[in-house]
Amino acid sequence: MTDKPGLLTVEGICKSFIGFKALDGVDFTVRSGEIHALLGENGAGKSTLIKVLTGVHQPDSGVIKIDGQAVNVRDTQHAQNLGIGTVYQEVNLLPNMSVADNLFIGRQPMRFGFVNRKLMEERARELLAQYDLHLDVASDLSRYSVAVQQLVAIARAVDMSGRVLVLDEPTASLDRHETEILFAILRQLRARGLGIVFITHFLDQVYEICDRVTILRNGKLAGCALTAELPKIELVSLMLGRTLAIATHNTRRDRPVPAIRQFSFKGLGRSRSIAPFDLDIGEGEVIGMAGLLGSGRTETAKILFGIETADTGHVHIDGNPALIRTPQAAVACGFGLCPEDRKSDGIIGDLSVRENISLALQAQRGWFNRLSGREQTVLADKFVKALDIRTTDIEKPVKFLSGGNQQKVILARWLATNPRFLILDEPTRGIDVGAHAEIIALINRLCDDGMALLVISSEIEEIVAYSTRVVVLRDRAHRGELSGDEITASNILGMIAAEPEGASA
Amino acid sequence: MNTRVLPLYATLLICIIAYAACVFQFPAMFSTRVAGNLLTDNAFLGIAAVGMTFVILSGGIDLSVGSVIAFTGVLLAVLITRYGVHPLIAFAIALLITTVFGAGMGAIIHYLEVPAFIVTLAGMFLARGLCFVMTTDSIPIDHEFYAMLQGLFYRLPGGGRLTFIGLLMMVVFIIGIVMAHFSKFGSYVYAVGGNRTSAELMGVPVARTTIGIYAMSGFLSGLAGIVFSLYTSAGYSLAAVGVELDTIAAVVIGGTLLTGGVGYVAGTFIGVIIQGIIQTYIVFDGTLSSWWTKIVVGVLLFSFIALQRILVFLSLKRTTATSGG
Ligand SMILES: Nc1ncnc2c1ncn2[C@@H]1O[C@H](COP(=O)(O)OP(=O)(O)OP(=O)(O)O)[C@@H](O)[C@H]1O
Ligand SMILES: [Mg+2]
């Protein structure tokens, strides 16, 4: 394996942003026919390295070589012409254009100098069929879910990569099945001799599919090894620069079942979105919500929080009826929601870390009761420390933070409102192992402080680790509940996978 | 159905209803004569509106259109009447200047990252100022080539005239439609309007596209200026004041979103025709002040923006209902 040629090599890459050194003399090699994991904490510089490789940023110093020849990658188009296909972390594609346009923009099939739409759409259908996706390729991309959009972005990059394929956290919003399909395609590409760079925070996936790993820490190279020769514990300590006890299991305490459950939702539902469900939750409880993507988890969160109004059912808080038809009403009742799609629903890129964190609290207080600059600073400092948000200072615009750190900022925003009932939709997605453990610890701490939490997550182990009860969803309905010792990974999986009752699904 | 096309259909429907209502009151309006005049009278507006459609599709705005039309008119008058330049050469010079002018604005917008609103506002003052530098009078153009072009028309059945400039507008619209939907440049325009950062990361040549869009708008404003000059046979510094706003109105009534990324060039054509129909109606009525055009256009604009908001809202609702986890 080591004698394979370096397909894409970088040597001594340095890149600074206004005095902050994001990359510091990084060497990195992708060989032909390998899947190479690029790992590191949030803010370690992974995405920055990718952007330097693909011409989004110009390096301050260092060389990029393709097939042994030094190249100066001018811009993203140049990178594509060199045969490097990329899915960036903050991939949004073009929601206003058709699926086919998104797949082929810049390289549409032409006839007589005009775009041959028919041929383009035909090719788009063929391309997506490999991913088990059968979409109406002529309709807008925005009609499809985040996961589908992610697959479209991947399909585009794969189709363009003649030599190297770069995927920056491609699996963050994919479910198990979709991930399997992606991996099968990656293996095919590897067999064809492509070099693949794969960035992820799911370490299991690293061991499942990657041949080698390169680890970055604080913008420096921390190590490079064959996956097979690097035990997970060592890998994690290379990433964090310290050892981490990955003991996320059994942190759940056997709490006595609370006598009263302050928040009671009866028969809430919305046609075509989620079947009516009952949910009671008391202070100090953590309800884990498990289910596949599209099973109605996010819909449940949206109804609870008043983003979508329920057709049926009613809500009682502390025994009094409450009407929650808007998010404002929900916030007034002491609810908080940290949304799933933070890219579009949460972050305000041009505002600073401080402003982003104080936003929800300010909204709750009303605009006439302003938080002073000093209060905001205190607040932001507190959460930057508590959640270990990596930023040079709290006045930095959020868009300049790394992806994982942006997510922590949104989490901080909702924690700052000190809600009584907090809904977290996929709180650990895109967050590194170290921070992952911290967030789980934080969930446990919040629960001890008497907050009621509802946590939606695709990671079963994580749900097992902190939930006092687990609700399992399938096909847009709540299918069952587990509590106490019933909460095990296999039980949850069993319920998720159970055959749907009734013939039609 | 695609909710994106709805504003276009709504515009078309309103256009037909408006025309039918007019014909109901003044049956004489149902003639190729009126139709021909409609095209001739709005030719310069339509041509400029095609450029504006591309600009707005890309998420920008071009406020310099009216001034550039006036500038072209004055420049042509000065060149032809004062210096005896042949109109064809004068046309070429005017188009060259306005295209370079547009490209320059595009370059400033892209490379200096100044909002299009500011840059083209400056361009508007600059072009208007240059008119006054050349002359403050209204200069007539009297040239046989002009007379020849003005006399050129195709007689429609029923006695209507499809004039040279009317036809030119139609041709520009057809080229615009083809460019928007069947050229790479067109797809880049939609891409930049949809999400500039994504477009850049996907390898769309954003710089080239932005400069191209404003160059195109400059070129078409120049062409509109030529048409305006043929239409009025004169160049005057204070001509075409506020035409940029009429074109923006036509584009928005035609169903293009001001935020960019969504819309059709064909819609703009209908937007121009609606404005023309209202004007024609006022002429036929004879008692109404021409300001009624502005009032009706204002009302239409409001209702279209409201309609678009509602449609965007509805389509958002629908996507949230079908996506998510
Ligand atoms: N355009 C920019 N301006 C200023 N600082 C930036 C910019 N882009 C990145 N940074 C900084 O560089 C550092 C590395 O960021 P990068 O996005 O590469 O991290 P990452 O390893 O991809 O993390 P994550 O796992 O969270 O995605 C971060 O501290 C970030 O704040
Ligand atoms: Mg990143």
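Note that the structure is predicted; figures quoted are calculated from it, not measured. Values below: all heavy atoms of this structure, side chains included; hydrogens, waters and symmetry mates excluded. Numbered from 1 within each chain, the chains take letters A, B, ... in sequence-line order.
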> Could you state the interatomic distance from CD (A/Q80) to CG (B/L201), rounded to the nearest 0.5 Å?
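Reported value, rounded in 0.5 Å steps: 10.0 Å.
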
> Taking A/L473, A/N96, A/V148, A/V115 one by one, which has the highest count of heavy-atom pairs under 4.5 Å against chain B?
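Ranked by contacts with chain B, first place is A/N96.
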
> Can you tell which part of A/N102 gets under 4.5 Å to a heavy atom of chain B, answering side chain, backbone, both or neither?
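Interface part for A/N102: both.
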
> Can you tell me which portion of A/M160 sits under 4.5 Å from chain B's heavy atoms? Options are side chain, backbone, both or neither.
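Neither part.
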
> Using 0.5 Å steps for rounding, measure from the CE atom of B/M202 to the OG1 atom of A/T86.
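Separation between the atoms: 11.5 Å.
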
> CZ of A/F114: more than 12 outside heavy atoms within 6.0 angstrom?
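Counting neighbours around CZ of A/F114, 12 or fewer heavy atoms of other residues, nucleotides or ligands fall under 6.0 Å, so no.
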
> Kindly compute the distance separating CE (A/M110) from NZ (B/K184), expressed to the nearest 0.5 Å.
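The NZ atom of B/K184 is 5.5 Å from CE of A/M110, to the nearest 0.5 Å.
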
> What part of A/Q108 lies closer than 4.5 angstrom to a heavy atom of chain B: side chain, backbone, both or neither?
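For A/Q108, backbone and side chain are both near chain B.
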
> Quick one: does A/L93's side chain get under 4.5 Å of B/S198's, heavy atoms only?
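Contact flag for A/L93/B/S198 side chains = no.
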
> With a 4.5 Å heavy-atom cut-off, do B/Y190 and A/L94 have their side chains touching?
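With C-beta onward as the side chain, the pair stays apart.
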
> Side chain from CB out, backbone as N, CA, C, O: work out which of these in B/S183 comes under 4.5 Å of a heavy atom of chain A, or both, or neither.
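B/S183 touches chain A through backbone heavy atoms alone.
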
> Sort A/R107 into side chain, backbone, both or neither according to what part of it lies under 4.5 angstrom from a heavy atom of chain B.
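Interface part for A/R107: backbone (N, CA, C, O).
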
> Would you say the side-chain atoms of A/T76 and B/E200 include a donor-acceptor pair closer than 3.5 Å?
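No, B/E200 and A/T76 have no side-chain donor paired with an acceptor closer than 3.5 Å.
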
> Looking only at heavy atoms and a cut-off of under 4.5 Å, which of B/G186, B/G260, B/G194 has the most pairs with chain A?
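Among the listed options, the one with the most contacts to chain A is B/G194.
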
> Below 4.5 Å, heavy atoms only, C-beta onward: do B/Y188 and A/I105 meet side chain to side chain?
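Answer yes - side chains close enough.
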
